[in-house]
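Note: hydrogens, waters and symmetry copies are ignored here, and every other heavy atom, side chains too, is used. In each ligand, atom 1 is the first atom listed, and ligand 1 is the first ligand listed.
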Amino acid sequence: GMPAAPPPVLAPRRKTRQIKVGSVGVGSDSPISVQSMTTTPTTDINATLQQIAELTASGCDIVRVACPSADDAEALPIIARKSQIPVIADIHFQPKYVFAAIEAGCAAVRVNPGNIRKFDDQVKEIAAAARDHGTSIRIGVNAGSLEPGILKKYGKATPEALVESAVWEASLFEEHGFHDFKISVKHNDPVIMVAAYEMLAEKGDWPLHLGVTEAGPAFQGTIKSATAFGALLSRGIGDTIRVSLSAPPVEEIKVGNQILQSLNLRPRKLEIVSCPSCGRAQVDVYTLAEQVTAGLEGMEIPLRVAVMGCVVNGPGEAREADLGVASGNGKGQIFVKGEVIKTVPESQIVETLIEEAMRIAEEMGEA
Ligand code: SF4
């Protein structure tokens with residue numbers, strides 16, 4: 001039959017030049033990628049590779065590792081070789097580790113010129129080494145480490161200051177004919193961050209790495225990142241994203257993926273359409289929704305599962321979903337594609353939904 005039309009998005013992607021981070025394309029010709037950063041000491045190669053494996057399994061496209069010392073730099077070749085996804089080395093202060101990371105076979109290197117003294121003098125060599133090894137670069141401007149001259153000029157990390165710094169650093173690479181870089185202009189305030197990226201997006205065709213820096217613990221960080229990324233992505237701005245949370249990195253990937261799925265920028269997988277519950281609810285909707293979510297976590301097929309507390313909106317929503325339950329009178333009506341297939345006692349709702357989801361997944365796998 002006819003291929004299904006792609007789901008609608010809010011705006012076309014901003015056109016950018018295209019770069020590669022190892023096997024992953026970054027730019028408007030590629031899907032938006034999701035990144036995280038390991039929290040293990042990079043010198044602990046096994047723990048770091050273990051965390052990278054967990055991140056890969058949770059849908060991470062690109063992983064960044066910190067490289068603050070010579071011992072970390074020494075661990076990079078094995079990590080870069082054994083990681084299932086491209087590895088970016090994160091370098092502050094010491095240009096010698098930029099060269100070490102490039103030599104180590106890292107897919108990309110993140111440099112923060114504000115934290116590398118005499119950065120200007122080193123750009124030519126960095127560009128040459130990166131070009132020789134097919135390594136791309138992220139110019140990572142950060143509100144907390146602006147170059148002293150720019151900080152002095154603006155007094156603080158305004159959007160203009162972040163953008164001026166980024167554009168200047170980009171020009172240093174471009175002067176040497178090096179174009180394989182993306183840019184980030186991170187700030188912990190989503191309003192300043194959004195303004196900075198909007199301004200930067202007008203000034204060149206660089207791929208942009210979105211991030212709200214130091215966004216906070218999981219709840220606040222999730223909201224800050226979702227609002228800021230949502231504002232930018234809904235206007236087509238952003239080519240790769242990293243949600244920063246004071247929480248395990250796998251949580252960052254879950255949030256990043258969910259943001260992209262919510263905007264139809266990545267295919268939706270499991271979607272729980274659960275009601276907020278109200279005085280009409282005839283079942284504990286919170287627990288039911290949580291149990292269904294936990295039971296179906298990791299489903300790889302697109303599946304909308306409706307969990308409704310009563311029969312007011314229940315059958316309607318359940319009909320729109322692939323699978324659903326509408327509760328009432330201590331029982332659950334189980335819907336599959338709009339048809340009530342059975343009615344089960346409340347205690348069997350969760351297991352029945354999981355069973356049916358698995359059956360649908362199997363059918364889709366066979367189709
Ligand atoms: Fe309330 Fe029923 Fe709507 Fe849930 S589905 S919010 S219980 S009316």
Side-chain angles (χ1 to χ4, degrees), residues 4-5 7-10 58-59 217-231 233-234 243 245 247 251 254-364:
V9 292
L10 289 164
S58 69
F219 176 75
Q220 181 190 291
T222 298
I223 305 278
K224 275 191 175 185
S225 300
T227 47
F229 295 5
L233 293 170
S234 67
V243 174
L245 300 178
E251 298 303 313
K254 285 190 196 164
V255 173
N257 278 327
Q258 193 65 56
I259 291 171
L260 295 183
Q261 287 181 30
S262 298
L263 293 167
N264 279 345
L265 293 169
R266 182 167 274 215
R268 291 187 186 169
K269 289 184 180 171
L270 177 64
E271 211 178 332
I272 305 287
V273 182
S274 58
C275 82
S277 181
C278 73
R280 292 185 202 92
Q282 298 189 4
V283 67
D284 177 356
V285 177
Y286 302 168
T287 305
L288 192 56
E290 246 168 52
Q291 289 173 342
V292 171
T293 306
L296 295 178
E297 210 193 340
M299 292 273 299
E300 286 300 312
I301 56 160
L303 192 69
R304 271 171 79 92
V305 182
V307 178
M308 297 291 145
C310 79
V311 292
V312 169
N313 287 326
E317 283 291 355
R319 218 172 288 132
E320 296 287 309
D322 298 299
L323 178 63
V325 61
S327 308
N329 287 332
K331 296 195 184 78
Q333 288 185 317
I334 307 291
F335 289 80
V336 172
K337 301 271 180 213
E339 302 288 326
V340 179
I341 57 151
K342 59 178 108 167
T343 301
V344 299
E346 199 177 312
S347 61
Q348 288 171 26
I349 291 174
V350 174
E351 59 182 86
T352 309
L353 285 176
I354 293 171
E355 246 170 54
E356 288 302 320
M358 296 302 166
R359 204 180 45 71
I360 294 173
E362 224 166 80
E363 277 175 17
M364 289 181 78

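Salt-bridge formation is detected for the pair E300/K269: a Lys NZ or Arg NE/NH1/NH2 atom is positioned less than 4.0 Å from an Asp or Glu carboxylate oxygen. Using a 4.0 Å cut-off between a side-chain N of Lys or Arg and a carboxylate O of Asp or Glu, E355 and R359 do not qualify as a salt bridge.
Look at C278 and atom 2 (Fe) of ligand 1: no N/O/S atom of the residue is under 2.8 Å from the metal. Between atom 1 (Fe) of ligand 1 and C275 there is no N/O/S contact shorter than 2.8 Å.
Using a 4.5 Å heavy-atom threshold, the side chains of E356 and V336 count as touching.
If you number the atoms of ligand 1 from 1 as listed, the ones under 4.0 Å from a heavy atom of G309 come out as 4 (Fe), 5 (S), 7 (S). Against a heavy-atom cut-off of under 4.0 Å, A281 is close to the following atoms of ligand 1: 7 (S).
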Hey, mind stepping through V283 and E346 against side-chain contact (heavy atoms from CB on, under 4.5 Å) and telling me if it holds? CA-CA 8 Å; V283 67; E346 199 177 312; 3.5 Å; yes

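Only backbone heavy atoms of S277 (N, CA, C or O) come within less than 4.0 Å of ligand 1; its side chain stays farther off.
No more than 12 heavy atoms of other residues, nucleotides or ligands shown are found within 6.0 angstrom of CG on N329.
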